[in-house]
A.B. asks: 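Sharing a structure here in structure tokens format.
Please read these numbers as outputs of a predicted model, since none were measured by experiment. Numbered from 1 within each chain, the chains take letters A, B, ... in sequence-line order.
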Number of protein chains: 4
Amino acid sequence: MTGTLNKVMLIGHTGDDVKMHYFEGGGSIGRFPLATNESYTNRTTGERVTSTEWHNVVVRNKAAEICEKYLKKGDKVYIEGRIKTRKWQDDQGNERYQTEIHCSEFTFLTPKNESGAEPSGNSQASASKSAKPKKDDYSNRNETYSQDEEEDDLPF
Amino acid sequence: MTGTLNKVMLIGHTGDDVKMHYFEGGGSIGRFPLATNESYTNRTTGERVTSTEWHNVVVRNKAAEICEKYLKKGDKVYIEGRIKTRKWQDDQGNERYQTEIHCSEFTFLTPKNESGAEPSGNSQASASKSAKPKKDDYSNRNETYSQDEEEDDLPF
Amino acid sequence: MTGTLNKVMLIGHTGDDVKMHYFEGGGSIGRFPLATNESYTNRTTGERVTSTEWHNVVVRNKAAEICEKYLKKGDKVYIEGRIKTRKWQDDQGNERYQTEIHCSEFTFLTPKNESGAEPSGNSQASASKSAKPKKDDYSNRNETYSQDEEEDDLPF
Amino acid sequence: MTGTLNKVMLIGHTGDDVKMHYFEGGGSIGRFPLATNESYTNRTTGERVTSTEWHNVVVRNKAAEICEKYLKKGDKVYIEGRIKTRKWQDDQGNERYQTEIHCSEFTFLTPKNESGAEPSGNSQASASKSAKPKKDDYSNRNETYSQDEEEDDLPF
DNA sequence: TTTT
DNA sequence: TTTT
């Protein structure tokens with residue numbers, strides 16, 4: 001609302017497989033860590049320094065299921081979404097914050113035959129069979145997936 | 001390094017003035033909170049829900065000084081940068097994390113005469129006087145500022 | 001398809017009102033020019049040079065109608081979309097190309113009371129009345145609008 | 001100037017090698033075509049349609065040389081830059097327009113050993129030898145390159 | 001702590 | 001054709 005923008009674009013490698021969590025109403029979310037790298041030259045020492053930044057990526061519903069199915073640890077992926085910081089309490093009662101990337105769009109960048117684990121069967125089969133595929137039909141692994149932002153209102 | 005991308009683009013309103021911190025070597029950083037808003041309709045209740053996301057923006061050196069000078073609490077601004085999560089220890093010795101947006105580019109979006117506080121003097125004066133302005137000369141408030149990413153290697 | 005990305009993000013001022021075109025099947029498109037500005041210092045002369053870039057923005061259906069209603073000549077707006085180059089033939093039979101920005105998301109950045117022309121009536125009224133607003137209900141001018149990318153397959 | 005934004009982000013495959021052009025003063029530009037793909041389902045026929053969009057990418061100076069050296073036809077690359085439409089006259093005296101993507105940043109996405117043609121020698125050698133590498137030293141193919149936007153004022 |  |  002009110003003319004603001006909250007947009008994140010990442011290209012990185014996943015640090016783990018997608019961990020799914022299913023809700024009672026039928027919704028689901030998937031989570032996985034994504035690493036991006038920075039490298040720069042330290043001005044005083046002239047040394048090349050590399051550092052890794054880890055992002056907590058969150059995907060929902062159909063998109064989560066697609067990621068769980070096709071995205072394997074170590075794969076390269078483009079992620080678009082927004083930043084969301086969740087507040088929680090640790091066991092000492094302290095307020096803690098966790099910043100997450102809520103993903104609205106993604107594109108797999110690891111070539112199909114190089115992915116850590118490959119789904120069996122042909123992921124491209126279904127599209128030609130269905131005259132009017134639903135919006136969340138994801139028949140082709142090699143496609144940009146765009147999450148329908150309004151498809152749910154899960155409490156997170 | 002290795003073909004990754006870590007990019008954030010925000011349009012929001014600042015929640016406070018820029019707080020500066022100066023280092024001994026001459027470097028400086030500025031920090032300010034930036035609010036973005038989300039609004040969606042709760043599917044079950046049909047209610048319109050609005051929520052605010054707060055981002056910790058960090059700017060460095062010359063860019064920090066420009067923001068301190070021209071950016072006032074409540075102003076609208078476009079921020080581009082990267083996500084960086086800093087680790088720190090609280091007084092109980094727990095590891096804590098703080099996610100920041102390290103700004104590399106910004107554009108003021110609040111019209112000049114509407115800004116909360118206006119700098120005295122003419123911010124456009126210097127450019128025409130100097131035949132070869134330095135890269136970090138920011139003579140015009142109404143310009144996109146692009147931080148020279150390699151200009152320092154401050155320990156943050 | 002195949003893991004590509006085609007993304008444009010613009011903040012600029014509209015050079016004209018939105019021109020609508022209605023199709024027989026009920027679809028519509030709107031077009032308007034958007035100006036972005038660049039300014040840099042000529043290295044040899046030390047002069048400050050300003051240049052304007054004009055973008056041909058194309059919006060469709062409901063989004064087009066919202067833009068037509070609320071976006072006036074001179075307004076500032078954030079536009080997100082993709083680049084599309086259309087081929088056409090001029091009257092001498094030459095192949096010509098026109099590059100357009102097909103808009104999928106936008107956010108008005110001109111404060112409500114400053115817009116060139118204001119719609120009469122309260123644009124915020126409808127949301128609270130309808131328990132389950134349709135996705136393309138745009139009851140609030142001050143909101144990011146996200147076009148449903150798959151809602152049509154118009155031949156352009 | 002004046003708080004505008006002109007940003008393009010592409011991930012695509014190059015359609016050709018980089019064509020270089022050298023200026024007398026020492027500057028250079030490189031040009032290459034970049035393909036992005038779109039695929040959607042035609043609503044009436046239910047058919048899967050794929051279309052390719054070609055972008056004219058322009059890089060300058062050091063960045064151009066790096067692209068010429070490391071980027072081969074068919075490689076996947078991330079390109080960031082701005083849209084610029086050039087006006088020219090055809091031989092019939094008609095005004096023609098050509099839209100280009102002026103690249104300010106890029107990241108190679110094709111794994112090193114898969115690129116069409118590999119540079120001989122070790123592209124990582126130079127950094128460790130020089131204590132204070134120049135900003136435009138590009139010792140590592142696997143890095144995001146950020147063009148110094150103000151390094152020249154070529155007339156294009 | 002912002003804004004509409 | 002916009003804006004500052």
A.B. asks: In this structure, how many angstroms lie between the C1' atom of dT3(F) and the CD1 atom of Ile79(C), rounded?
C.D. replies: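 Distance, rounded to whole Å: 16 Å.
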A.B. asks: Phe108(B) CZ to dT3(E) P: how many Å, rounded?
C.D. replies: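 After rounding, the reported distance stands at 17 Å.
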A.B. asks: In Å and rounded to the nearest 0.5 Å, what is the CG to OG1 distance from Asn37(C) to Thr4(D)?
C.D. replies: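 Spacing of CG (Asn37(C)) from OG1 (Thr4(D)) equals 5.0 Å.
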A.B. asks: Reckon Gly74(B) touches a base, only the sugar-phosphate, or nothing at all at heavy-atom distances under 4.0 Å?
C.D. replies: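 Here Gly74(B) touches the backbone only, sparing every base.
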A.B. asks: Using the aromatic ring of Trp54(B) (for Trp, its six-membered ring), decide whether it stacks on the base of dT1(E) within the limits of 5.5 Å and 30°.
C.D. replies: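 Trp54(B) ring centre within cut-off of dT1(E) base, planes near parallel; stacks.
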A.B. asks: Rounded to whole Å, please give me the gap between CD in Glu53(C) and C1' in dT2(F).
C.D. replies: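 Rounding to the nearest Å, CD of Glu53(C) and C1' of dT2(F) are 13 Å apart.
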A.B. asks: For Tyr78(B) and dT2(E), give me the distance from atom OH to atom P, rounded to whole Å.
C.D. replies: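 Computing the Tyr78(B):OH to dT2(E):P distance gives 24 Å.
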A.B. asks: Round to the nearest Å and state the distance from Lys19(C) atom NZ to dT1(F) atom P.
C.D. replies: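 Atom-to-atom, Lys19(C) to dT1(F), this comes out as 13 Å.
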A.B. asks: Considering only side-chain heavy atoms of Pro33(C), which listed nucleotide, dT2(E), dT2(F), dT1(F), is closest?
C.D. replies: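 So the nucleotide nearest the side chain must be dT1(F).
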A.B. asks: Is there a donor N/O on one and an acceptor N/O on the other, under 3.5 Å, for the side chain of Thr52(C) and the base of dT2(F)?
C.D. replies: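 Flag set: donor-acceptor pair detected.
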A.B. asks: Can you name the residues that form a side chain to side chain contact (heavy atoms under 4.5 Å, CB included) with Asn56(C), not counting sequence neighbours?
C.D. replies: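 Partners of Asn56(C) by the side chain to side chain contact (heavy atoms under 4.5 Å, CB included) criterion, ordered by chain and then number, come out as Gln98(C), Glu100(C).
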A.B. asks: Could you work out, with side chain to side chain contact (heavy atoms under 4.5 Å, CB included) as the rule, every residue matching Glu68(B), not counting sequence neighbours?
C.D. replies: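 For Glu68(B) the side chain to side chain contact (heavy atoms under 4.5 Å, CB included) partners, ignoring immediate neighbours, are Val18(B), Met20(B), Tyr22(B).
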A.B. asks: Rounded to the nearest angstrom, tell me the gap between atom NZ in Lys76(B) and atom P in dT3(F).
C.D. replies: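 Lys76(B) atom NZ is separated from dT3(F) atom P by 18 Å.
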A.B. asks: What closest approach, in Å, do Ile83(B) and Ile101(B) show between heavy atoms, and which atom pair accounts for it?
C.D. replies: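 Looking at all heavy atoms of both residues, the shortest contact is CG1-CD1, 4.2 Å.
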A.B. asks: If you check every side-chain atom of Asn37(C), which of dT2(F), dT3(E), dT1(E) has the closest atom?
C.D. replies: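 Closest nucleotide to the Asn37(C) side chain: dT2(F).
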A.B. asks: CG of Leu109(B) versus C1' of dT2(E): gap in Å, rounded?
C.D. replies: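 These atoms are roughly 14 Å apart.
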A.B. asks: Tell me: CG of Asp16(B) to P of dT1(E), nearest whole Å?
C.D. replies: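 Taking atom P of dT1(E) as the reference, CG of Asp16(B) is at 10 Å.
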